[in-house]
Amino acid sequence: MAVRVQQEDFDIGLELAQLTKGNPSVGGLCSFVGLVRDLNDGNSVATLTLEHYPGMTEKQLERIEAEAHDRWPLEASLIIHRFGTMHPEENIVLVATASAHRGAAFDACHFIMDYLKTEAPFWKVEATDAGERWVSERDSDGEARDRWKD
Amino acid sequence: MAVRVQQEDFDIGLELAQLTKGNPSVGGLCSFVGLVRDLNDGNSVATLTLEHYPGMTEKQLERIEAEAHDRWPLEASLIIHRFGTMHPEENIVLVATASAHRGAAFDACHFIMDYLKTEAPFWKVEATDAGERWVSERDSDGEARDRWKD
Amino acid sequence: MKILYFAWLRQKIGIGEEQIDVPGDVTTPQALVEYLRNRGENYALAFTDVSAIKVAVNQEFADYETLLKPGDEVAFFPPVTGG
Amino acid sequence: MKILYFAWLRQKIGIGEEQIDVPGDVTTPQALVEYLRNRGENYALAFTDVSAIKVAVNQEFADYETLLKPGDEVAFFPPVTGG
C-alpha cells in the first residue's frame, strides 16, 4: 500500500514493475492512468492545473486504498496523483492494484478511481481558448461512486 | 487496435506509452497484466507452459477486440498474449484500452479479459511438485463472461 | 481558528489561508460563513451560495452543523474534481 | 480433411495434426469422433468423454452436428485456459 502526491511525472512501467516484483502470489495487475485531454466540454485546453489540500489529500487517498484492501484480497496497491500545471497527454494519476485473481484487481482499481474522483480534495482549472475555467463536478462521477455502496 | 501472440516477453511501460502517444483525446488508460503465480490449487508451480492454436487464436482475439470497440468508444487498444514456457512472476498477457473517459476504458479492458479467458484457444500446463498438470477451466470464468451478455 | 479556501473560493476571497479569532458564538461552519460574509464584499460574493461549497473540519468532510472547537482547521472548497 | 488436437488430447493421441481422407459418411464432428475412435486405443481413450472436448471447424467454434465439407480443418481440444 502506498500513496504519493507529487508534482513530478511518474514512470508507469517502473511503478508497475516495482509493485509486483518479488511477489509470485500476484496473478493479476490492473492499472489505470488518467491523462490530460486537449479538449473538454467543447473547448480546447492548453494547460490543466491541479490544486489540492495537502494533508487531507493523503488522508483521503490512504482511506480509500485501505477500504479497497478491506473489500478485496489485494497483494499490493499504489496511488500516485500529481498536482501543478500539466499539458495535454501528460499523466495525472496512476492507480494500480495486484491480486491473485483478475476480478479483485479490476474491481479494486475501478473502486479506487471512482472514490478518488469524488472524495480526494483536488481541483482542476483549465486554460482554454475561452479563458480560465474551473472544472465542474460531473453527476456521473457521483453515480459511479454510488454503485459501490450497498 | 492490435493483437500480438508471441513467445517473448513485453515491456509494459513501452507498450502503454506507444498506445496513447500522440493522441490527446485519451483521458483514461486501463491495463491488465496476467502473471504466472508460484502456487495454483494448492501445488507449487515451477513452470507454466502455454500452448495455442495459431491462426484461430489471432482471429478470436481480433474478434474480441473489435467487439469491445463496438461496445465502447475506444481511442486505442492492445492485446498481447504469450505462449511457451514461463516461470512465476513472468508476464503472460497484457490488455490495454484507452478512451476519453475512465468508465469505457475499465469496462472494455475487463470485457476483453473475460472473453479472452473463455474464447481464445490457449491451454496451460503446469510443472508442479505433484507432476505435470493441465489447468482446468474455472466455472467462475464462464460466469464472468456471461455478465456481459444481455 | 485556521481557515482555508481552495479553487475558485480562494480566488474570489483572495487568500488561501488565514488565522482568525472568531467570536464565541461562531460554533458551526454555518455560523462561520455568516461571520465571514460580514468581513467584506469578497467574502460575501464567495459565499453567495453555500449549497455549492463543501466544508471540511480538521481535514475530514463535515457538514455545516458540525460543532467547532477553538483551534479547529476549517476548509471551504467547491466539489472536488481530481483524477 | 485436416485434423488438429491440442493440450491433453494431443498428448493422449500422440500427434498434434494429421491429414486423413475420411469416408463419405463422416459428415459431422460427431461422426468424425466415431471414426477416429476406431483408429486405435489412443484415440478411443482420448475421445472417451466428448462432453469435455470442444470442437472448431475452420478455426471457428462449432458443435458436433456441424456439417463438414472435404478440405475442412477440424480441431478438437479441452476448454480453453489462457489469460
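A quick note: this is a predicted structure, and the numbers were derived from the prediction, not measured.
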With no hydrogens and no angle check, is any side-chain donor or acceptor of B:E65 less than 3.5 Å from a backbone partner on B:A2? yes
Is it the case that the side chain of B:R82 and the backbone of B:Q6 share a donor-acceptor pair, with hydrogens and angles ignored and the cut-off at 3.5 Å? no
D:E73 side chain to D:Q59 side chain, donor-acceptor N/O pair below 3.5 angstrom: yes
Under 4.5 Å from a heavy atom of chain B, the part of D:Q11 involved: side chain
Indicate yes or no for a side-chain donor-acceptor contact from D:D63 to the backbone of D:E65 under 3.5 Å, with no hydrogens or angles considered. yes
May I ask you to list the residues in residues 116-147 of chain B that approach chain D closer than 4.5 angstrom, counting heavy atoms only, ordered by number? B:L116, B:K117, B:T118, B:E119, B:A120, B:P121, B:F122, B:W123, B:K124, B:E132, B:W134, B:V135, B:S136, B:E137
Between B:E58 (side chain only) and B:G55 (backbone N and O only), is there a donor and an acceptor less than 3.5 Å apart? yes
Does anything in residues 85-100 of chain B get under 4.5 Å of chain D by heavy atoms, and if so which residues? B:I92, B:V93
Would you indicate whether the side-chain heavy atoms of B:L50 and B:H81 approach each other to under 4.5 Å? yes
Please give me the minimum heavy-atom distance between D:T28 and D:L68, naming the atom from each residue. C-CD1, 3.5 Å
Do B:E51 and D:R10 come within less than 4.5 Å of each other through their side chains, counting heavy atoms only? yes
Using non-hydrogen atoms and a limit below 4.5 Å, what part of residues 16-49 of chain B faces chain D? none
Could you go through the salt bridge (charged side-chain N to carboxylate O under 4.0 Å, His left out) check for B:E62 and B:K59 one step at a time? CA-CA 5 Å; B:E62 283 162 8; B:K59 261 191 218 176; over 6 Å; no
Against chain B, label D:A56 side chain, backbone, both or neither, depending on which of its atoms sit under 4.5 Å from a heavy atom there. side chain
Partner residues of B:F111 under the ring-ring contact (aromatic ring centres under 6.0 Å, His included) criterion, sequence neighbours left out: B:W72, B:Y115, B:W148
Residues, nucleotides or ligands: over 12 heavy atoms within 6.0 Å of B:D70 CG: yes
Chi angles and distances behind the salt bridge (charged side-chain N to carboxylate O under 4.0 Å, His left out) call for B:E67, B:R63: CA-CA 6 Å; B:E67 173 73 19; B:R63 182 175 296 169; over 6 Å; no
Under the side-chain contact (heavy atoms from CB on, under 4.5 Å) criterion, do D:F76 and D:I13 qualify, and how do the steps go? CA-CA 11 Å; D:F76 295 101; D:I13 292 170; over 6 Å; no
